[in-house]
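Report on the following structure.
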Amino acid sequence: MRTRTHTAGQLREEHIGQEVRLCGWVHARREQSAELVFVDVRDRYGITQLVFDAEDTSPELPKQAKGVHLEDVVGAKGVVRARERVNKKIPTGGVEVLVTELEVLSRTVSPPLIASDEQNLPAEETRLKYRYLDLRRPKMQEIIRTRHRVTKLARDYFDEQGFLEIETPCLTRSTPEGARDYLVPSRQQPGMWYALPQSPQIFKQILMVAGCDRYLQICRCFRDEDPRADRQAEFTQIDCELSFVDRETVLGVMEGFAKRVWNEVLGYEAGDFPRITYKEAMDRFGIDRPDTRYGLELVDVSDLAAKTDFKVFTEALEKDRGVVKAIRVPGGAAKLTRKITDGYSKFVQDFGAGGVPVTKVAGVTLEAGIAKFVEPIAGELIDRLGAKDGDTILFGADTYSTCSKALGELRQRVARDMEMIPEGAWNFLWVIDFPMFEFDEETGRFYAMHHPFTAPSDEELERFMGADPSDRETIESIVSDGYDLVCNGSEIGGGSIRIHRQDVQKKVFELLGISDEEARLKFSFLLDALSFGAPPHGGIAFGLDRLIMHLAGTDNIRDVIAFPKTQTGADLMCEAPNVVDEEQLGELHVKSTARARTD
RNA sequence: GGGGCGGUAGCUCAAUUGGUUAGAGUUCCGGACUGUCGAUCCGGUGGUUGCGGGUUCGAGUCCCGUCCGCCUCGCCA
C-alpha cells in the first residue's frame with residue numbers, strides 16, 4: 001500500500017468502476033456514524049474523498065478510519081464511484097473511493113500546524129519552526145509550483161534566445177563597494193577569507209570577455225544586511241548578460257521575458273512597458289520605483305509657496321534646493337480625518353520631514369488646516385492641482401530630496417488609506433537614465449548609484465571622461481545607461497550597459513575616490529580582462545523572490561522561499577546559526593571574541 | 001543601532017480598576033448519529049501566562065532586565 005495507482009488530484013468521472021490505490025496525508029475526517037466515515041486524503045496534486053461504508057464493505061473499515069488522525073499518512077485501496085452529492089469546491093468532487101483496504105503508513109503525533117486549517121493558521125514563528133508542516137498547506141504548495149514554473153520558464157525562454165546557463169563560484173572574494181559581505185574563513189590559507197557573492201556581477205562580465213555571448217544563471221546571492229518584508233539576506237536572482245548589445249536590445253529581451261511570465265502564469269497580456277527617466281520619477285512620484293496604478297502625483301508649488309508668509313514654506317525655500325510640493329487627494333476631505341492626517345505628520349518624520357501641512361478644498365476656496373496661510377494663493381493652487389470640491393491637499397516643504405522621499409512614501413500610504421489601488425492591475429515600467437553617482441554628505445564622497453561597472457550613456461561619455469573629481473555638480477549630473485524594471489511600485493529587476501573600456505572603468509574608480517593602487521588591488525582581474533578585448537555588453541538581474549511574490553499575491557517574501565530566515569538571520573527549523581567546536585575553529589584559524597548564548 | 005506591535009492550553013484567541021479554581025473554539029481522547037465535505041450533538045484530557053528579577057496581602061495584568069517573532073528607520077553599490 002506504499003505505492004499508488006493515481007494521485008489524490010487525479011480521479012474523475014471517467015475512472016468510475018476502477019480499482020485504485022491512493023496515498024497521502026489525512027486532510028480531514030468526518031464521522032457520520034459508526035458505519036459511515038469520510039476521510040479526505042491529500043497530496044501535492046489535490047484532495048480525494050475516501051469513504052468507509054460498513055454497508056457496502058465491512059464494519060471493520062469505518063472503525064479503522066475512525067482511528068486515523070489529521071496529517072497521518074495513509075494508503076487506501078478501493079473502487080472509484082460517483083458521489084451521491086457532488087462537491088463543487090474540489091476538482092475530484094464528482095467521485096469518491098469506496099475503500100476496501102486501509103493502511104496507516106505513518107502516524108503523526110498531534111501536530112502544531114494542520115494543513116487543512118487555514119482559519120487558525122499558527123503564528124509565523126511556528127510555521128517556520130515546523131516548515132515541513134507549513135509547506136504541506138495547499139497555498140504553499142501552489143507557491144512552490146509557481147516558483148518552479150518561473151525558473152523553468154526562464155531557462156526555456158533564455159535558451160530560445162541563445163543564452164547559456166553557466167555557474168559562477170559561491171566562494172569568491174570580498175567586494176569593497178556595496179552591501180556587507182558574508183565571509184568564509186580559508187582553512188588552507190590561514191588568515192584569508194572568501195566572501196559569498198552579493199551578485200555574480202564581475203563573473204558574468206568576464207564571461208562576456210570570454211566570448212560566451214549570452215549568459216544566464218539562476219543564482220543565490222548574499223547580502224549581510226537587515227531583512228524586510230520584501231528582502232532576505234539570502235535571495236535568488238535570474239541573472240543575465242549579453243554581448244554586442246545596446247540598451248534597446250537588452251530591454252527588449254527582458255521585457256519579453258516578463259511578459260511571457262505574466263502571460264503563462266497569470267494569463268495576463270501586458271502591453272509594452274512605458275519608460276520614465278529617474279528625474280521624472282523623482283519629480284512626479286518622489287521615488288525611483290513609482291507605483292503608477294493611481295494618481296496622487298507630486299506637484300511642485302514652490303513658486304506659489306514663495307508668495308505666502310507661511311513660515312514652514314518660506315523656511316524650506318531658503319534651504320539649498322528647497323522645494324514645496326503638494327499632493328491632491330481626490331475626495332480626501334471626507335475620508336482623511338484630522339486623526340489620520342496627524343498620523344501622516346508623524347509618518348513623514350521617519351523620513352526626515354517635519355510634518356504634513358494639510359488643507360481642504362471647499363467649493364472654489366480652501367478651508368481648514370493651513371488655509372489661512374495659503375489664502376493668497378488659493379485660486380492658483382487649486383488651478384495648478386486641478387483640485388475639486390471635497391479634495392484634500394497635502395504638502396511637503398523641505399530640501400528636494402527630503403521632500404521627495406517623504407511625499408513619495410506618504411503617497412503610497414494615502415493610496416492604501418483611500419483604497420485607490422485597483423485590484424488585478426499590473427503596471428510595469430522601465431526607469432532609465434539614472435545618475436551615475438550619488439554624493440554622500442556624511443562620508444563626503446561619491447558612490448555609484450547602480451554599481452561601479454555601469455557605463456555612462458553614450459551622449460555623456462565625453463563629459464564623463466573629462467569630469468574633474470572636485471566638480472560635484474557635473475559629476476552628479478552625468479546620466480548612466482542603467483535601468484530598473486518596476487512592477488506596481490516594486491523593483492523586480494535592475495541592470496545596465498556595462499563599461500567595456502579599461503580607461504572608462506579607471507575613470508569611474510577615480511571619481512569614486514578609489515586610487516589606482518587600490519583599484520589594481522581589488523579589481524585587477526576585471527581591469528586586466530577589460531584590457532584583453534572586451535565586447536560591449538550589458539545585462540540585468542531579476543529578483544526571483546519578488547517576481548514570485550507578485551505572481552503569488554503575497555507581500556511576505558518568506559512565503560515564497562521554502563526555508564527562509566527570520567529578522568535575526570535565524571533558520572528556526574534547523575536552528576542556524578549555531579555554535580561549532582573549538583576544534584573546527586582551530587582548523588580555520590579563527591577565534592571568536594563573542595560568547596554565544598547558551599539558552 | 002533606533003522606533004512600534006506581539007508572546008496565555010498542541011494551535012487560534014479571551015480574561016473588567018491588580019482580586020475566587022486563568023476561559024472559549026479547535027486538535028487529541030471517549031460516546032451518539034448512514035451522505036458528510038468547516039459535519040453535527042454530548043462528555044473529557046490538556047496551563048512554569050516566553051524567561052529572570054521586583055512592587056504588592058494578592059501579578060497574565062504594574063515596574064526593571066532579558067530572549068524570541070513581526071513591522072519599520074538606518075542599512076540594502
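Quick note on labels: first sequence line is chain A, next is B, and so on, each numbered from 1.
Interface remark: the R223(A) side chain does not form any donor-acceptor pair with the C76(B) base, using a distance-only criterion of under 3.5 Å. Counting atom types as modelled, D226(A) pairs a side-chain N or O with a base atom of G74(B) as donor and acceptor under 3.5 Å.
Comparing the P positions of G50(B) and G60(B) gives a spacing of 10 Å, expressed to the nearest Å. On the P atoms, A14(B) is 16 Å away from U61(B), given to the nearest whole Å. Separating the P atom of U66(B) from that of U56(B) is a span of 23 Å, rounded to the nearest Å. C63(B) and G69(B) have their P atoms separated by 24 Å, given to the nearest Å.
Across all strands shown, A22(B) remains unpaired; no Watson-Crick or G-U wobble contact has both distances below 3.5 Å.
Taking the six-membered ring for Trp, F523(A) and F509(A) have ring centres closer than 6.0 Å. Under the 6.0 Å cut-off for aromatic ring centres, Y483(A) and Y278(A) do not qualify, their centroids lying 6.0 Å or more apart.
Side-chain atoms of N556(A) and E124(A) form a donor-acceptor pair, as typed in the model, at a separation below 3.5 Å.
At the phosphate of C70(B), neither OP1 nor OP2 sits under 4.0 Å from any side-chain N or O atom of R127(A). Applying the 4.0 Å criterion to OP1 and OP2 of C29(B), one finds that H69(A) has a side-chain N or O inside that range. Distances shorter than 4.0 Å separate none of the side-chain N or O atoms of S110(A) from OP1 or OP2 on C11(B). Side-chain nitrogen and oxygen atoms of Q49(A) include none within less than 4.0 Å of the OP1 or OP2 phosphate oxygen of U36(B). One finds a side-chain N or O of R558(A) lying less than 4.0 angstrom from the OP1 or OP2 phosphate oxygen of C70(B).
Side chain of E225(A), nearest nucleotide from C75(B), U72(B), G69(B): C75(B).
Both Y447(A) and R29(A) lie near RNA chain B, and the one whose nearest nucleotide falls closer to the 5' end is R29(A).
Stacking of R413(A) on the aromatic ring of F347(A) is recorded, both the 6.0 Å distance cut-off and the 45° axial limit being met.
Between the side chain of R411(A) and the backbone N or O of L296(A) there is at least one donor-acceptor pair closer than 3.5 Å.
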